[in-house]
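These notes concern the structure reproduced below.
Order of listing sets the numbers, starting from 1, for every ligand and every atom in it.
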Amino acid sequence: MTDTTSSQPAKAWSGRFTEPVSDLVKRYTASVFFDQRMARQDIRGSLAHAKMLARQGIIGAQDLADIERGMTQILGEIERGEFGWNLDDEDVHLNIEKRLTALVGDAGKRLHTGRSRNDQVATDIRLWLRDAIDQILALIGDFQKNLLDVAEANAATPMPGFTHLQVAQPVTFGHHLMAYYEMSRRDAERFADCRKRVNRLPLGSAALAGTSYPIDREFVAQELGFDEVCYNSLDAVSDRDFAIEFCAASALLMTHLSRFSEELILWMSPRVGFIDLADRFCTGSSIMPQKKNPDVPELVRGKTGRVNGSLIALLTLMKGQPLAYNKDNQEDKEPLFDTADTVIDTLRIYADMITGIRVKADAMRDALKQGYATATDLADYLVKNGLPFRDAHEAVALAVRAADVKGCDLPQFSLDELRTAMAHVPGAAERVKDDVFAVLTVEGSLASRKHVGGTAPEQVRAAIARARSARA
Ligand code: ARG
């Protein structure tokens with residue numbers, strides 16, 4: 001506790017204060033219980049700063065050696081879980097600095113020369129986030145690898161493609177999965193792009209205006225693997241747009257996985273029955289013995305809400321802040337950490353879960369028999385035989401209506417029945433020949449969509465090969 005009468009204030013900044021903060025204020029303003037996650041980054045940043053100070057002659061060589069020795073010890077204490085984190089010391093920065101001073105004396109007190117916690121914390125977050133992004137990019141890679149394997153095994157497995165959740169046209173399950181591959185590819189691009197703006201060094205901006213010491217920011221940037229320095233000291237200590245971008249990229253990734261999850265849940269419903277998920281991703285019901293619930297995809301869908309929430313939290317945190325640093329920014333960490341944790345866990349679990357998808361190809365094929373999935377193929381056939389598309393559309397609509405009445409699918413009509421059904425559209429019936437049945441089959445429909453991006457199995461395989469070679 002701060003002793004107001006003491007000549008040695010307990011807090012790094014309490015010299016000018018006449019009374020201590022209450023316990024509640026102390027707890028309210030402290031961040032150590034969540035920002036201690038950045039301890040390694042804080043030490044890395046401090047070591048680079050100290051090295052620069054020594055090179056520039058701002059501190060002595062012995063000071064640097066003492067700081068390095070002390071930090072090695074502190075790192076060991078943190079890794080062994082022995083470090084005594086203390087609420088009185090507010091945040092990760094002051095906790096480490098205080099311990100350093102206890103270990104090495106004056107050299108510890110010299111470490112903060114030419115910097116402020118404002119540029120220090122901005123540097124720590126960027127270092128932390130850079131690591132998180134690298135981990136996420138690797139995990140997206142694992143997810144993609146497994147997705148490509150399942151897609152390849154199902155490159156020619158027909159299923160109904162839906163629009164409005166109504167049967168639309170046949171696609172292959174592999175093609176459907178490759179849609180998610182494309183989304184994940186853009187997600188990876190977004191994270192990689194965001195990393196470029198994360199990877200700039202704020203240190204050297206000090207509190208807000210820079211510092212009067214002859215510092216070498218480029219040296220520190222190089223030491224810490226930053227691509228460049230932040231070019232405006234006010235901006236560097238105050239903006240968190242890089243964290244917001246990260247949360248936006250995360251929200252999109254989670255949104256994609258949430259859609260995927262919604263489909264897995266739907267496909268696993270006995271009413272649809274297209275897939276089964278491995279038991280290890282499902283749970284049972286405490287009351288209904290028959291239940292096998294797709295909890296993992298449901299939670300992915302649910303956790304998307306908290307990631308979206310964090311994005312909004314950070315945007316809102318930023319929007320009213322005048323330049324430069326304000327304590328509001330301390331609130332950036334929990335949403336950011338939570339977002340990274342959620343994305344990392346979700347990707348890990350998803351990569352594993354998709355290998356446990358058991359495809360029920362018969363059920364997918366059966367579903368294609370309901371809903372006239374090849375009606376567009378019939379219209380295209382008439383067009384290729386010279387009928388204008390609008391007339392062909394009308395003729396097929398009549399055929400579908402007749403099939404509804406008869407209770408059959410289009411390929412089950414005889415040639416005569418098909419012609420009769422279309423009789424009201426001039427020019428339609430005589431354009432229907434025996435070869436029409438080839439286009440009404442699911443395989444015919446699939447094979448005909450053989451352009452880049454189409455669902456023909458050969459194109460799905462080409463897409464998978466393209467994806468594999470881009471990843472290699
Ligand atoms: N714990 C603070 C944060 O997370 C560190 C910076 C504090 N700076 C200050 N001027 N009080 O933002």
Checklist entry - Does NZ or CZ of Arg126 lie under 6.0 Å from the centre of the six-membered ring of Phe242, at an angle within 45° of the ring axis? => result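 Arg126 over Phe242 ring: yes.
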
Checklist entry - Going through the checks in order, is the ring pair (Phe, Tyr, Trp, His ring centres under 6.0 Å) test met by Phe274 and Phe173? => result CA-CA 10 Å; Phe274 285 0; Phe173 188 52; 8.4 Å; no

Item to check | Donor-acceptor pair, side chain of Asn146 and main chain of Ala351, under 3.5 angstrom | outcome: yes

Item to check | Modelled atom types, side-chain donor and acceptor of Gln120 and Asp124, under 3.5 Å | outcome: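 Side-chain D/A pair, Gln120 to Asp124: absent.
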
Pairs of nitrogen or oxygen atoms, one from ligand 1 and one from the protein, closer than 3.5 Å: please tabulate them with distances.
{"unit_1": "ligand 1", "atom_1": "1 (N)", "unit_2": "Ser31", "atom_2": "OG", "d": "3.3"}
{"unit_1": "ligand 1", "atom_1": "1 (N)", "unit_2": "Asp91", "atom_2": "OD2", "d": "3.0"}
{"unit_1": "ligand 1", "atom_1": "1 (N)", "unit_2": "Gln330", "atom_2": "OE1", "d": "2.8"}
{"unit_1": "ligand 1", "atom_1": "4 (O)", "unit_2": "Lys333", "atom_2": "NZ", "d": "2.6"}
{"unit_1": "ligand 1", "atom_1": "8 (N)", "unit_2": "Asn118", "atom_2": "OD1", "d": "2.9"}
{"unit_1": "ligand 1", "atom_1": "10 (N)", "unit_2": "Asn118", "atom_2": "OD1", "d": "3.1"}
{"unit_1": "ligand 1", "atom_1": "12 (O)", "unit_2": "Tyr325", "atom_2": "OH", "d": "2.5"}

Next on the checklist: Can you classify the ring geometry of Phe260 versus Tyr350 as parallel (below 30°), tilted (30 to 60°) or perpendicular (above 60°)?
Outcome noted: tilted

Checklist entry - Can you say whether the rings of Phe17 and Trp13 are parallel (under 30°), tilted (30 to 60°) or perpendicular (over 60°)? => result perpendicular

